[in-house]
Amino acid sequence: MKPTDKAGPASSRRRSAAPPVPPAVLRAAVVAAAALALVVGVVRVVTDGHALFPGHAAGWAFAVLTGVIVGHLVALGRDRWWGGTGSGAALTLAVLLLYGWVPSVLISLAVVVLVGAARRHRWRQALLHGAVDILGIGAAALVLRLFGTAPSVERPWLPATWTYSAIPTVVLASLCYLAATRTLLWFTVAPAGGGLPTVARTALVRQGLVGVALLGIAPLVVAVAAQMPMLLPLFAVPLIALDSTLWIARARAEEQLRDPLTGLPNRQWLLERTWTALDHADRGGVRAALVLIDLDRFRSVNDTLGHLAGDRLLLQIADRLRLALPRGAEAARLGGDEFAVLLPTCDSPTRAQRVARSLVAALGSPLNLDGLTLVLEASAGVAVFPDHAGDAEGLLRRADVAMYEAKQDRSGVEVYEATRDGNTPDRLGLLGDLRRAIDHGDVELHYQPKVRFDGKVAGLEALLRWEHPERGRVSPEEFIAIAESSGLMPQLTDYVLETALAQVARWRGMGIEVPVAVNVSPRDVHTPGFAGSVAARLARHGVPPGALQLEITEHVLLEEPQRAADTLAGLTGHGVKMSLDDFGTGYSSLVHLRRLPVSELKIDRSFVARLVVDTEDAEIVRCTVDLAHSLGLLVVAEGVEDDETWERLRDLGCDAIQGWLVAAAMPAEETTAWLRVRAKSGWHRGEEARAGVDAARG
């Protein structure tokens, strides 16, 4: 039985009054402002009769040093600016201190143009970074002017004229350049959503190193340029070393956010990126979703082919996941064979579920590994903000809950449902109460009859009922789901078997011989020694095996099918009868029916309820009855509530019925009285039966 209640929305957080400026608009504004500043600066320098760049030995030395730096940046084969290189910044600032704003801008533009030319596919990025450098240089030049310093090619600010008052000027100009360029880069180049806290912390540390390098190297470059310009190219060595140090620092910082095998972001990155996505979704009043994906039976690959083969398979899975991502989605590897996909914007839980199904389908297509064709299935769980959680950790945990439900049900994809989550504070409290209720015998067994069409009683089904002292009657679907997800199910099954067999023994002592059916879960069937423990209980209570019937579902064969088959064979070998419950609601019923040693088949109430008005359901029931009879099985219809359904089932050849038309589930004392009356006259449709239906519904 599956609960159907949906999780309520999480408490929404206060939303911002206005959305942030779009990055594209900000980038355009930066480029436009830099172009305007460059034109105005060049015009003023030319109008004042100043040279744009020094032409003597220092100018040529700076040109050579710039060429070396450009070659170094191109050789890096990486993004030249984002993450902050120290070489170009130190060189630019040195020219600014010595010759002023325009020569410094020309150095920066030379680097931009040359590196951009070497990477033609990144000219937009080069244009943006060049504009940011221009504005940063302009900000530093304004600081110099505030301190009464306005160097030019004709009147350089030579170190020989510096006094102690020059120290704060140099320091503030360097810090202003650094702050302006890095701030603009952060807001124009950082990932959509404002960046990540870990990245922000790493960037601050890295830019602090750049600042120290600028303060230490730029004045030295100025001093050498003023006294011995021919030695300027030698500064390429410390400047390149500075860049290498910063790249190493950056690589180590990125390693903390990357999975070393697949190169995908890791769990830390995912959580921080999810926080950012949730903030934006909250401000925009939209949903965001998290999809957790786990490969089914991946362990068998490692056990059979080895861990190296498993790693190569994970690389293929990661590549396939990248290609299958919808626009705007981001993937991460959480560890082992577990992956996650963040959907920063999502229309609805249904949309997120469709995305998850497409990802699972993409991962399920055949893979080639060392000449072997492998097909790996995957299970996915979906959690949506703010429907299921209001924070990143909660969203990840609830996606994990949904993913395990998908694994258990073999459904492929499940959306989180609070009613199936045994880890909420409320349900954890209910779990503790259920444990105490079992220990104290406060969980009761009620019994619902099954009757044949000739009126004879075919048996009883034992059903759990729990009256909580504070909550009142708790739905069986709710507390059974809690028991199954918490590990309490074996204890609950022991309690039901013990109570039911004790009652059967009492009835037999009264001369009432009627078989009783008890539901058992797949976890019970997979428990080692379960068949032996059932046989021992039967012997202890003096109940013949034929008086007990165990109701199972086809899901018992989905996990560890061989162990389940051995257990079921052991039970039938002891003489215990087996009934297949909820037939037709699984995914491969015909295959499993052939493999399960059952003597009875129960048609699920979902087909019986609309039997009279729905021709498709009627046809399903007819085919099921014919199939079961061809295999020598009895057929019981659940959920029969009216005379019309009873008559239709009789005409279709069904063997027995169960439902409110016959009787609701009753406590043991009422069941005893009911059985004594029916032992003489049997059950017949009439006013008494309909009165029982009305009482049960009321």
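Looking at S358, its side chain does come within 3.5 Å of a backbone N or O of V355 through a donor-acceptor pair. Side chain of T181 to backbone of L178: a donor-acceptor contact under 3.5 angstrom is found. R333 contributes a side-chain N or O that, together with a main-chain N or O of G336, makes up a donor-acceptor pair within less than 3.5 Å. Between the T274 side chain and the L270 main chain, a donor and an acceptor come within less than 3.5 Å of each other. With hydrogens and angles disregarded, a donor-acceptor distance shorter than 3.5 Å links the side chain of T276 to the backbone of E272. Proximity of a side-chain donor or acceptor of E414 to a complementary backbone N or O of Y404 within less than 3.5 Å is not detected.
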Output a table of donor-acceptor pairs, distance under 3.5 Å, between side-chain atoms of residues 141-158 and any protein atom two or more places apart or on a different chain; print 'none' if there are none.
{"residue": "S152", "atom": "OG", "partner": "R155", "partner atom": "N", "Å": "3.1"}
{"residue": "E154", "atom": "OE1", "partner": "H50", "partner atom": "ND1", "Å": "2.9"}
{"residue": "E154", "atom": "OE2", "partner": "A51", "partner atom": "N", "Å": "2.8"}

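Summarising the geometry of A131 relative to V31, their closest heavy-atom pair is CB-CA, 3.7 Å, with the distance given to 0.1 Å. The shortest non-hydrogen separation linking E330 to P344 is OE1-CG, 3.9 Å. Nearest heavy atom pair, residue A140 against residue A173, reads CB-O, 3.4 Å. Across V30 and L184, no two heavy atoms sit closer than the pair CG2-CD2, 4.1 Å. Shortest non-hydrogen contact noted between A289 and A352 is CB-CB, 3.8 Å. Of all heavy-atom pairs between A281 and A288, the closest is CB-CB, 4.1 Å.
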Determine, stepwise, if the pair L91 / F235 fulfils side chain to side chain contact (heavy atoms under 4.5 Å, CB included).
CA-CA 9 Å; L91 184 58; F235 273 100; over 6 Å; no
Between F53 and I107, does the side chain to side chain contact (heavy atoms under 4.5 Å, CB included) criterion hold? Intermediate values first, please.
CA-CA 9 Å; F53 197 78; I107 287 285; 3.8 Å; yes
Apply side chain to side chain contact (heavy atoms under 4.5 Å, CB included) to the pair V382 and H388, showing each step before the final yes or no.
CA-CA 10 Å; V382 178; H388 304 141; 5.9 Å; no
What verdict does the side chain to side chain contact (heavy atoms under 4.5 Å, CB included) test give for L321 and V341, after you've listed the backbone C-alpha separation in whole Å, the side-chain angles of each residue and the deciding distance to 0.1 Å?
CA-CA 9 Å; L321 185 60; V341 173; 4.1 Å; yes
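Of the inter-residue distances, the one linking L292 atom CG with M403 atom CE reads 4.5 Å to the nearest 0.5 angstrom. Interatomic distance, CH2 of W101 versus CD1 of I134, reported as 6.5 Å (0.5 Å rounding). In this structure, CZ in F62 is found 11.5 Å from CD1 in I69, a value given to the nearest 0.5 Å. Of the inter-residue distances, the one linking D133 atom CG with S104 atom OG reads 8.0 Å to the nearest 0.5 angstrom. If you take CG on L313 and CG on N368, they are separated by 10.0 Å, rounding to the nearest 0.5 Å. Here the CG atom belonging to L109 is positioned 7.5 Å from the CD1 atom belonging to I137, to the nearest 0.5 angstrom.
In R320, the CZ atom is crowded: over 12 heavy atoms of neighbouring residues, nucleotides or ligands sit closer than 6.0 Å. Annotation: W162, atom CH2; neighbour count of heavy atoms from other residues, nucleotides and ligands within 6.0 Å is above 12.
Tested against L271 for a side chain to side chain contact (heavy atoms under 4.5 Å, CB included), the candidates L342, L396, N266, D391 yield a single pass: L396.
For the pair L376 and D337, the minimum side-chain heavy-atom distance is 4.5 Å or more. When side chains are defined from C-beta on, L290 does not count as touching F385, because their heavy atoms never get closer than 4.5 Å. For the pair R287 and P349, the minimum side-chain heavy-atom distance is below 4.5 Å. Counting heavy atoms from C-beta on, the side chains of T92 and Y177 come closer than 4.5 Å. Proximity of L295 to L314: side-chain heavy atoms (C-beta onward) are separated by under 4.5 Å at one or more points. Counting heavy atoms from C-beta outward, F339 and L264 have side chains that approach closer than 4.5 Å. When side chains are defined from C-beta on, D400 counts as touching E338, because their heavy atoms get closer than 4.5 Å.
Using a 3.5 Å distance cut-off with no hydrogens or angles, the side chains of D294 and S379 do not pair a donor with an acceptor.
Below 30°, between 30° and 60°, or above 60°: for H56 and Y99 the angle between ring planes is between 30° and 60°, a tilted geometry.
Salt bridge R322/D319: present, at least one basic N to carboxylate O contact under 4.0 Å.
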